[in-house]
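Heads up, the thing below is written out as structure tokens.
Position 1 is the first residue of the sequence; numbering continues from there. All values reported here derive from a predicted model rather than from experimental measurement. As a basis for the values below, the full set of heavy atoms in this structure was taken, side chains included, without hydrogen atoms, waters or symmetry mates.
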Amino acid sequence: EGFPVSIIALPWVSQDEMPPFDNFVEYCNQQTQGHFKILTGHFLLQGTKHHGREITSAEFILSRDQLSAFGAHVVAAGHVHHRDDIYAGIIMHNSLSDAGAQTGVRIFDADFKKKKAANDRYIDIRTPRYHLLELESADPAYIEDVIQKQIAPFPLDQFVMRIPGKIPQGITIPPNV
């Protein structure tokens, strides 16, 4: 006989359509009492940074208190593209706003005795990414060096280069820039 595991999956819902939160949490907790609980979902957590801005209000937003009311031993949520202790991040970049975000998957084992995630790890997956390169100079040799060392090795990635002044003559910009 194994240890009971419950996965609570919260789909995206607008605030207008959401059932009374306390009733919803109480129902979930009654159904999962004594279980190892994993909470997943497509929701925003108040205070999280999303696309560089702190989340203060949105359609489906939870406070840390609301999140902890589920009593989940592990939380693995989606929606926010930058990985942290709550959000799994993204498997691939969707736009320039994802520049700098890791791409991959989170894998963990459930430690039933300690009631927490064990061997929690993030596996980097090399998928096409967006990059923003802020160049310090319009010097042709410097730009050529950046193209060869930072852009050429990743032909499937998309780059945006910000160059002070105009692009010097003779510089050939790759098609992914």
Might you point out which heavy atoms bring [X] and [Y] nearest each other, and give the distance in Å?
{"X": "Pro140", "Y": "Ile171", "result": "O-CD1, 3.5 Å"}
{"X": "Leu62", "Y": "Phe43", "result": "CD1-CD1, 3.8 Å"}
{"X": "Ile163", "Y": "Ser137", "result": "CG2-O, 4.2 Å"}
{"X": "Pro164", "Y": "Leu135", "result": "CD-O, 3.3 Å"}
{"X": "Ala138", "Y": "Pro168", "result": "O-CG, 2.8 Å"}

Legend entry - Where at least one partner belongs to residues 163-177, residue pairs that pass side chain to side chain donor-acceptor pair (under 3.5 Å), sequence neighbours excluded: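 Passing the test, one end in residues 163-177: no pairs.
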Inset, instruction - Apply ring pair (Phe, Tyr, Trp, His ring centres under 6.0 Å) to Phe70 and list each qualifying residue two or more places apart in sequence or on a separate chain. - result: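 Phe70: ring pair (Phe, Tyr, Trp, His ring centres under 6.0 Å) contacts with Phe21.
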Inset, instruction - Would you please name every residue forming a ring pair (Phe, Tyr, Trp, His ring centres under 6.0 Å) with Phe112, sequence neighbours left out? - result: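 Phe112: ring pair (Phe, Tyr, Trp, His ring centres under 6.0 Å) contacts with Phe3, Phe36.
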Legend entry - His35: side chain to side chain donor-acceptor pair (under 3.5 Å) partners, not counting sequence neighbours: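 Applying side chain to side chain donor-acceptor pair (under 3.5 Å) to His35 gives Ser6.
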Inset, instruction - Tell me, please, which residues at least two apart from Ser63 pass side-chain contact (heavy atoms from CB on, under 4.5 Å). - result: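 With neighbours one apart ignored, the set is Gln46, Asp65, Gln66.
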Inset, instruction - Under 4.5 Å between side-chain heavy atoms, chaining through other members, with only Ile, Leu, Val, Met, Phe, Trp and Tyr counted: pull out the rest of the cluster around Tyr130, sorted by chain and number. - result: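 Joined to Tyr130, directly or through intermediates: Leu96, Leu132, Val160.
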Legend entry - Apart from Tyr27 itself, residues in the same hydrophobic cluster as defined by side-chain heavy atoms under 4.5 Å: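 Joined to Tyr27, directly or through intermediates: none.
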Taking side chain as C-beta onward, heavy atoms only, is [X] less than 4.5 Å from [Y]?
{"X": "Lys37", "Y": "Ile8", "answer": "yes"}
{"X": "His81", "Y": "Tyr87", "answer": "no"}
{"X": "Ile86", "Y": "Leu67", "answer": "yes"}
{"X": "Val177", "Y": "Gln158", "answer": "no"}
{"X": "Asp111", "Y": "Lys113", "answer": "yes"}

Inset, instruction - Consider only side-chain heavy atoms of I, L, V, M, F, W and Y, link residues closer than 4.5 Å, and tell whether Tyr122 and Val74 are in one cluster. - result: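 Looking at the clustering, Val74 is in a separate group from Tyr122.
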Inset, instruction - Drop me the distance from His73's NE2 to Lys115's NZ, to the nearest 0.5 angstrom. - result: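 The NZ atom of Lys115 is 4.5 Å from NE2 of His73, to the nearest 0.5 Å.
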Legend entry - Sequence-distant partners of Glu134, salt bridge (charged side-chain N to carboxylate O under 4.0 Å, His left out), two or more places apart: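 Per chain and number, Glu134 pairs via salt bridge (charged side-chain N to carboxylate O under 4.0 Å, His left out) with Arg162.
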Inset, instruction - Not counting sequence neighbours, list each pair that qualifies as a salt bridge (charged side-chain N to carboxylate O under 4.0 Å, His left out) and has a residue in residues 167-177. - result: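 Residue pairs passing salt bridge (charged side-chain N to carboxylate O under 4.0 Å, His left out), neighbours aside: none found.
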Inset, instruction - Scan residues 151-177 for pairs that pass ring-ring contact (aromatic ring centres under 6.0 Å, His included), counting only residues two or more places apart or in two chains. - result: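 For residues 151-177, and leaving out neighbouring residues, the ring-ring contact (aromatic ring centres under 6.0 Å, His included) pairs sorted by first residue read His131-Phe159.
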Output a table of donor-acceptor pairs, distance under 3.5 Å, between side-chain atoms of residues 142-152 and any protein atom two or more places apart or on a different chain; print 'none' if there are none.
{"from": "Tyr142", "atom 1": "OH", "to": "Glu136", "atom 2": "N", "distance (Å)": "3.4"}
{"from": "Asp145", "atom 1": "OD1", "to": "Lys149", "atom 2": "NZ", "distance (Å)": "3.2"}

Inset, instruction - Give the intermediate values and the outcome of side-chain contact (heavy atoms from CB on, under 4.5 Å) for residues Leu10 and Thr40. - result: CA-CA 6 Å; Leu10 295 177; Thr40 69; over 6 Å; no
Pairs under 3.5 angstrom only: tabulate donor-acceptor contacts from the side chains of residues 99-109 to other protein residues two or more places apart or in another chain.
{"from": "Gln102", "atom 1": "OE1", "to": "Arg83", "atom 2": "NE", "distance (Å)": "3.1"}
{"from": "Gln102", "atom 1": "OE1", "to": "Arg83", "atom 2": "NH2", "distance (Å)": "3.0"}
{"from": "Thr103", "atom 1": "OG1", "to": "Ile125", "atom 2": "O", "distance (Å)": "2.6"}
{"from": "Thr103", "atom 1": "OG1", "to": "Arg129", "atom 2": "NE", "distance (Å)": "3.2"}
{"from": "Thr103", "atom 1": "OG1", "to": "Arg129", "atom 2": "NH2", "distance (Å)": "2.8"}
{"from": "Arg106", "atom 1": "NE", "to": "Asp120", "atom 2": "OD1", "distance (Å)": "3.0"}
{"from": "Arg106", "atom 1": "NE", "to": "Asp120", "atom 2": "OD2", "distance (Å)": "3.4"}
{"from": "Arg106", "atom 1": "NH1", "to": "Val75", "atom 2": "O", "distance (Å)": "2.9"}
{"from": "Arg106", "atom 1": "NH2", "to": "Asp120", "atom 2": "OD2", "distance (Å)": "2.7"}
{"from": "Asp109", "atom 1": "OD2", "to": "Asn119", "atom 2": "ND2", "distance (Å)": "3.3"}

